[in-house]
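Quick note: numbers below take in every heavy atom, side chains included, and nothing from hydrogens, waters or symmetry partners. Keep in mind the model is a prediction, meaning the values are calculated, not measured.
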Amino acid sequence: MSSKFLTNQVALVTGASRGLGKAIALALTREGASIAAVARSEEALKETLETIRAAGGTAEPFALDVADGTAVDAVVEKIAAHFGHIDILVNNAGVTRDGLLARMTSEAWDTVLNTNLKGAFNLTRPVGRLMVKQRSGRIINISSVIGLMGNAGQANYAASKAGLIGFSKSVAREFASRGITCNVVCPGFIETDMTKDLNEDLRKKLLERIPLQRLGQPEDIAGVVTFLCSPAANYITGQILTVDGGMVM
C-alpha cells in the first residue's frame with residue numbers, strides 16, 4: 001500500500017509552467033497526486049510535464065486564460081472527463097502591471113484583477129460544484145503579503161490579492177458543510193522570475209525587512225500547500241498562512 005497521502009487524487013494547478021505553480025505541482029506529485037497543469041499555452045508547460053513524468057508522476061497540460069470564464073468552464077469539463085474527478089484546486093495564476101495609481105491605466109487595473117481575482121472565481125465555481133457533488137475537496141488560493149500590507153506602485157496587485165482573502169473566507173463558509181476546505185497562502189518575497197531582476201541595493205533593503213534575512217524558495221510555498229492538502233489539515237479552513245520569513249508578523 002502506498003504511503004503517499006495524495007494517491008488517486010487529482011490536483012488542478014493554475015500558473016503551473018514556472019515559479020510557484022511549477023514547484024507546487026511537483027510537490028503534490030511527490031505525494032501521489034495526478035496533475036492537471038494549467039497555463040496560457042501547452043508549450044509553456046513542457047518543462048513542468050517533463051520533470052513530473054521523469055519522476056514517475058502523472059500530468060496532463062491544459063492551455064487556458066483563467067480570466068476567460070467561458071474557456072474555464074470548457075477546460076474544467078475536459079479535465080473532469082479525462083481524470084474522472086478533481087480533488088484539489090490551487091489558484092496560483094497571477095500577473096503584475098505595476099505603476100503608480102495616478103498614472104495607472106484602466107487596462108492595467110483590469111488585466112490584474114481579471115487574472116488574479118476573477119480567475120480564481122472562474123475556476124472555483126465549476127470545480128466547487130464538482131467537489132460539492134463528491135462531498136470532498138481542498139481549495140488553496142495563492143495570495144501575497146502585498147494583499148495584507150499594500151505596496152506603492154501595486155494598487156491593482158494589492159487589491160487583487162486582498163480580494164482573494166475575502167473571497168476564500170466566503171468560499172470556506174459556503175463549502176464547509178460539504179467537507180471542502182478553502183485556505184489562503186500568502187507568500188512573501190520568493191526567488192522566482194518576478195524577483196530575479198532586483199538590483200543589489202533593492203535586494204539589500206528588502207532583506208533588512210525580513211527577520212530570516214533571506215528570500216524564500218518556491219519549495220517553501222509548495223510545502224505549505226502540500227500540508228494544506230494533507231490529512232493533517234482536515235480541520236483547517238478559512239485561514240491565511242503567511243510564508244514570508246517573518247516580514248509582516
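Between the Ser34 side chain and the Ala59 main chain, no donor and acceptor come within less than 3.5 Å of each other. A donor-acceptor distance shorter than 3.5 angstrom exists from the side chain of Asn234 to the backbone of Pro231, with no hydrogens or angles considered. A donor-acceptor distance shorter than 3.5 angstrom exists from the side chain of Asn122 to the backbone of Val66, with no hydrogens or angles considered. At least one donor-acceptor pair closer than 3.5 Å links the side chain of Arg138 to the backbone N or O of Leu228. A donor-acceptor pair is defined here as one N or O able to donate and one able to accept, closer than 3.5 Å; no such pair exists between the side chain of Thr7 and the backbone of Ser3. With hydrogens and angles ignored, the 3.5 Å screen pairs a side-chain donor or acceptor of Asn183 with a backbone N or O of Ile236. Formation of a donor-acceptor pair under 3.5 Å by the Asn199 side chain with backbone atoms of Leu202 is found in this model.
Listed here is the closest heavy atom pair of Arg209 and Met149: NH2-CE, 3.5 Å. Nearest approach of Ala172 to Thr237, heavy atoms of both residues: CB-OG1, 3.5 Å. The two atoms that bring Ile86 and Ala80 nearest to each other are CD1-N, 4.4 Å, heavy atoms only. Residues Cys186 and Ile165 come closest through the heavy atom pair SG-CD1, 4.2 Å. Shortest non-hydrogen contact noted between Ile180 and Val132 is CD1-N, 3.6 Å. Heavy atoms only, all atoms of each residue included: Asn116 and Val95 are closest at OD1-N, 2.9 Å.
Residue pairs satisfying the salt bridge (Lys or Arg N to Asp or Glu O under 4.0 Å) criterion with at least one member in residues 100-111, sequence neighbours excluded, are absent. Applying the salt bridge (Lys or Arg N to Asp or Glu O under 4.0 Å) test to pairs two or more places apart or on separate chains, those with a residue in residues 181-192 are Glu191-Arg203.
For the atom pair CG of Leu20 and CD of Gln217, the computed distance is 10.5 Å after rounding to the nearest 0.5 Å. Note that OH of Tyr157 and CG of Asp98 are 9.0 Å apart. Values are rounded to the nearest 0.5 Å. Note: Ile210 CD1 to Leu206 CG = 4.5 Å, rounded to the nearest 0.5 Å. Atom CH2 in Trp109 sits 7.0 Å away from atom CE in Met104 (nearest 0.5 Å). Atom CG of Asp68 is separated from atom CZ of Arg40 by 10.0 Å, given to the nearest 0.5 angstrom. Atom CD of Gln239 is separated from atom OG of Ser168 by 11.0 Å, given to the nearest 0.5 angstrom.
With side-chain heavy atoms closer than 4.5 Å counting as contact, directly or through intermediates, the hydrophobic cluster containing Leu49 also holds Leu45.
Atom CZ of Arg173 is surrounded by 12 or fewer heavy atoms from other residues, nucleotides or ligands within 6.0 Å. By the neighbour-count criterion of 12 heavy atoms within 6.0 Å, atom CD of Glu77 is sparsely surrounded, having that number or fewer from other residues, nucleotides or ligands.
The shortest distance between side-chain heavy atoms of Ile139 and Thr124 falls below 4.5 Å. In this structure the side chain of Ile35 reaches within 4.5 angstrom of the side chain of Ile52, judged on heavy atoms. In this structure, Arg30 and Lys4 have side chains that are not in contact, with every pair of non-hydrogen atoms separated by 4.5 Å or more. Put simply, the side chain of His85 reaches to within 4.5 Å of the side chain of Asp87, judged on heavy atoms. The shortest side-chain heavy-atom distance between Ile88 and Leu12 does not fall under the 4.5 Å cut-off. The shortest side-chain heavy-atom distance between Pro187 and Val145 does not fall under the 4.5 Å cut-off. Put simply, the side chain of Val76 reaches to within 4.5 Å of the side chain of Leu130, judged on heavy atoms. Considering only heavy atoms from C-beta on, Thr105 stays 4.5 Å or farther from Arg97 through its side chain.
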Evaluate the side-chain contact (heavy atoms from CB on, under 4.5 Å) criterion for residues Met247 and Phe189: first the C-alpha distance (whole Å), next the side-chain angles of each, then the deciding distance (0.1 Å), finally the verdict. CA-CA 9 Å; Met247 193 170 83; Phe189 286 90; 3.5 Å; yes
Does the side-chain contact (heavy atoms from CB on, under 4.5 Å) test come out yes or no for Glu208 and Lys204, once each step is laid out? CA-CA 6 Å; Glu208 284 170 1; Lys204 188 176 173 223; 4.1 Å; yes
In sequence, state the C-alpha distance, the side-chain angles, and the governing distance for Leu28 and Cys229, and then conclude on side-chain contact (heavy atoms from CB on, under 4.5 Å). CA-CA 9 Å; Leu28 296 178; Cys229 295; 4.0 Å; yes
Give the intermediate values and the outcome of side-chain contact (heavy atoms from CB on, under 4.5 Å) for residues Ile190 and Ile221. CA-CA 9 Å; Ile190 310 296; Ile221 306 305; 3.9 Å; yes
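A side-chain contact (heavy atoms from CB on, under 4.5 Å) with Ile142 is found for one member of Thr14, Asn92, Asn91, Val13 and no other, namely Asn92.
In the hydrophobic cluster analysis, where Ile, Leu, Val, Met, Phe, Trp and Tyr join through side-chain heavy atoms closer than 4.5 angstrom, Ile146 is grouped apart from Leu101. A chain of hydrophobic side-chain contacts below 4.5 Å, direct or via other Ile, Leu, Val, Met, Phe, Trp or Tyr residues, connects Leu26 to Phe5.
Between Lys22 and Glu47 a salt bridge is recorded (basic side-chain N to carboxylate O distance below 4.0 Å). Ion pairing between a basic and an acidic side chain is recognised when a charged N comes within 4.0 Å of a carboxylate O; Arg129 and Asp73 show no such pairing.
Using bins of under 30°, 30° to 60° and over 60° for the plane-to-plane angle, the ring pair Phe62/Phe83 lands in the tilted bin.
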